[in-house]
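Note that the structure is a prediction, hence the values are computed from the model and not measured.
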Amino acid sequence: MYCDLIVKNGRLVSADRIYEATIAVNSGKFAAFVDPSLELEGKEIIDAGGKLIFPGIIDCHAHLNEPGFEYREDYETGSRAAVAAGCTTLIDMPLNNDPSLINKDIFRTKYDVISKRSYVDFAMWGGIVGDFDNNPGTIKNNLNDLIDLQKCGVAAFKGFTCPNGGLFPTVNLGNIRKALEILKPYNSLCGFHCEEYGQVWEREKEAKANQGRTSQEKIRDFLDSHDVWTEYVATKNVIDMSRATGGRVHICHVSHPMVAQVVKEAISDGLPVTAETCPHYLGYSENFVFEKGAPAKCTPPMRKPEAVDALWNYVLDGTLSCLGSDHSPAADFEKDNKTRDIWQAWGGLNSIQFFLPMVFDLFVHKKGLSPTWISKLMDLNPAKIFGLYGQKGAFELGFDADMVILDPDKAWKIEQEKLFTKGHVSCFDGAEGKGFPVCTIIRGKKVAKDGSYIEGAKGYGRFVRPVSTL
């Protein structure tokens with residue numbers, strides 16, 4: 001058998017087992033998985049040297065900011081950091097963009113821009129926005145645009161239940177219910193950032209009015225303004241709209257076990273509800289925010305240590321079925337502790353370049369779990385939830401030949417000045433661990449090697465439509 005690419009001497013990590021096989025690739029697809037004792041010939045041969053091979057990592061939640069906020073990040077800088085970390089498919093959020101991705105015309109504009117620049121295969125979230133105000137020219141709800149966006153091939157739809165500004169206005173329960181009714185016949189997934197608007201608005205307003213607070217006291221005020229009750233109430237409300245309509249709901253970046261329990265009960269009730277979490281909620285607590293300040297600001301915020309410990313139970317029982325980086329980068333000055341307090345700092349983390357290494361170290365080396373968990377949470381489950389299974393997410397014949405070869409013992413250290421992202425300030429600067437990707441392959445082509453992207457792969461990334469809409 002002669003193939004375009006042969007990958008040999010690797011240990012393949014699927015969602016339920018680790019096994020040895022030689023991988024054969026033709027025309028960018030998995031063509032065969034054969035016994036290692038059999039000799040195959042190929043145009044290119046990669047010797048994995050006994051290392052682990054994962055199906056290409058899917059980051060189901062990232063903000064690459066183009067078009068509109070390229071001063072923070074663009075598709076070239078964000079996607080090159082992603083492939084260096086083993087990501088092969090990235091599902092990009094409809095914000096922070098200007099304009100936000102809320103209709104088919106904006107979809108076409110965004111696609112034309114980013115498709116020429118991406119190192120990584122990409123899918124897109126479409127937006128669900130609410131009525132902002134009654135002033136002429138301001139953004140109104142886009143409920144009439146949802147079906148057009150679905151036909152464009154977005155993988156899911158995203159809405160915010162908390163204060164979020166004029167470019168991506170907050171949805172109310174009426175908007176959510178109507179969106180679920182509109183999209184249910186298409187089996188479309190609607191994801192939500194769940195923090196309840198009124199609580200956040202009132203608590204932030206009160207906290208910001210306090211004068212003379214120290215930096216540490218302001219951090220306490222910020223954390224309290226976004227406490228678990230804001231997330232819990234919004235999550236219950238969104239799930240109730242799924243209960244009312246039968247529409248598919250996805251709860252983004254669950255940060256607390258109390259919220260995860262609500263999701264678990266909804267799943268037990270048979271509702272079409274899924275949820276994700278992020279490595280920073282599993283590996284870091286609010287103590288980290290007090291230590292790092294502005295660079296560690298995100299919402300929902302990191303929680304108390306006992307909540308971090310308990311959140312793991314909901315990963316291990318399948319309630320939280322996938323992981324996203326929630327990469328939401330900033331320009332360096334927007335995360336500068338010397339010039340900005342916690343209220344003035346941008347709320348988002350620079351995390352995409354060490355997404356897989358951090359997860360591997362956390363799950364395998366710190367928690368002693370099997371690497372199969374990573375294949376389940378970062379490959380199989382997100383592929384199925386977002387409609388990409390059939391193309392992505394598993395070692396299956398005919399699937400895209402996406403894979404990442406990872407050395408489980410290779411040490412790494414995050415040095416923010418060496419990041420490939422446009423902004424370099426990261427709260428994870430100085431973090432260390434083991435388990436690092438040494439080769440990233442998308443559709444049979446190497447796009448990254450030994451911790452760096454391959455320059456010629458710029459523009460190789462292609463748009464991925466959900467299989468159900470093909």
Side-chain angles (χ1 to χ4, degrees), residues 61-69 72 91-110 124-150 152 154-183 188-205 208 225-226 230-231 233-242 245 247 249-253 297-300 326 328 330 334 343 346-348:
H61 188 140
H63 304 257
L64 262 61
N65 288 16
E66 189 172 15
F69 289 91
R72 290 175 176 155
I91 311 181
D92 185 36
M93 283 291 173
L95 74 162
N96 299 293
N97 286 175
D98 186 7
S100 300
L101 181 51
I102 58 173
N103 63 47
K104 64 181 181 182
D105 293 330
I106 298 171
F107 175 93
R108 294 188 185 111
T109 299
K110 179 170 179 172
M124 295 190 209
W125 288 78
I128 306 173
V129 296
D131 297 296
F132 184 55
D133 58 33
N134 293 318
N135 295 323
T138 55
I139 295 171
K140 307 300 180 186
N141 79 62
N142 70 328
L143 297 175
N144 291 333
D145 296 297
L146 299 182
I147 293 176
D148 283 342
L149 276 173
Q150 191 276 336
C152 286
V154 299
F157 293 82
K158 172 71 175 293
F160 271 69
T161 67
C162 56
N164 197 53
L167 288 175
F168 203 84
T170 305
V171 289
N172 58 44
L173 289 178
N175 301 144
I176 295 171
R177 182 169 183 170
K178 187 63 178 176
L180 291 173
E181 290 171 347
I182 290 169
L183 292 168
S188 293
L189 184 69
C190 295
F192 295 94
H193 178 128
C194 288
E195 294 181 282
E196 195 270 318
Y197 187 101
Q199 292 182 74
V200 173
W201 180 263
E202 291 297 330
R203 292 168 70 79
E204 279 201 353
K205 182 171 61 175
K208 290 176 182 178
S225 297
H226 292 262
T230 70
E231 190 179 354
V233 169
T235 301
K236 284 181 65 72
N237 286 344
V238 166
I239 288 174
D240 279 344
M241 293 301 94
S242 174
T245 63
V249 156
H250 184 76
I251 308 301
C252 295
H253 43 52
K297 178 184 178 180
C298 62
T299 55
D326 198 8
S328 186
E334 294 176 307
W343 294 116
W346 173 251

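- Listed here is the closest heavy atom pair of L183 and C190: CD1-SG, 3.6 Å.
- Every ring-ring contact (aromatic ring centres under 6.0 Å, His included) that H63 has, sequence neighbours left out, goes to H61.
- A234 pairs by the side chain to side chain contact (heavy atoms under 4.5 Å, CB included) definition with T161, C194, E196, not counting sequence neighbours.
- Taking the side chain to side chain donor-acceptor pair (under 3.5 Å) definition, one finds that N65 meets it with nothing, sequence neighbours left out.
- Side-chain contact between L95 and L167: absent, with no pair of heavy atoms (C-beta onward) separated by less than 4.5 Å.
- Taking CZ of F192 as the start and NE2 of H253 as the end, the distance is 12.0 Å to the nearest 0.5 Å.
- Other residues, nucleotides and ligands place no more than 12 heavy atoms under 6.0 Å from the CH2 atom of W201.
- The shortest side-chain heavy-atom distance between F157 and N142 does not fall under the 4.5 Å cut-off.
- For K140, the NZ atom sits in a packed shell: over 12 heavy atoms of surrounding residues, nucleotides or ligands are nearer than 6.0 Å.
- With contacts defined as side-chain heavy-atom distances shorter than 4.5 Å, the pair V238/I176 qualifies.
- Every residue meeting the salt bridge (charged side-chain N to carboxylate O under 4.0 Å, His left out) condition with D92, not counting sequence neighbours, appears here in chain and number order: K110.
- Counting heavy atoms from C-beta on, the side chains of E204 and H226 come closer than 4.5 Å.
- Looking at residues two or more places apart in sequence or on another chain, you find a salt bridge (charged side-chain N to carboxylate O under 4.0 Å, His left out) between D105 and R108.
- Taking 4.5 Å as the limit, every side-chain heavy atom of K158 sits out of range of all side-chain heavy atoms of L101.
- Remark: T109 pairs with no residue by the side chain to side chain donor-acceptor pair (under 3.5 Å) rule, at least two apart or across chains.
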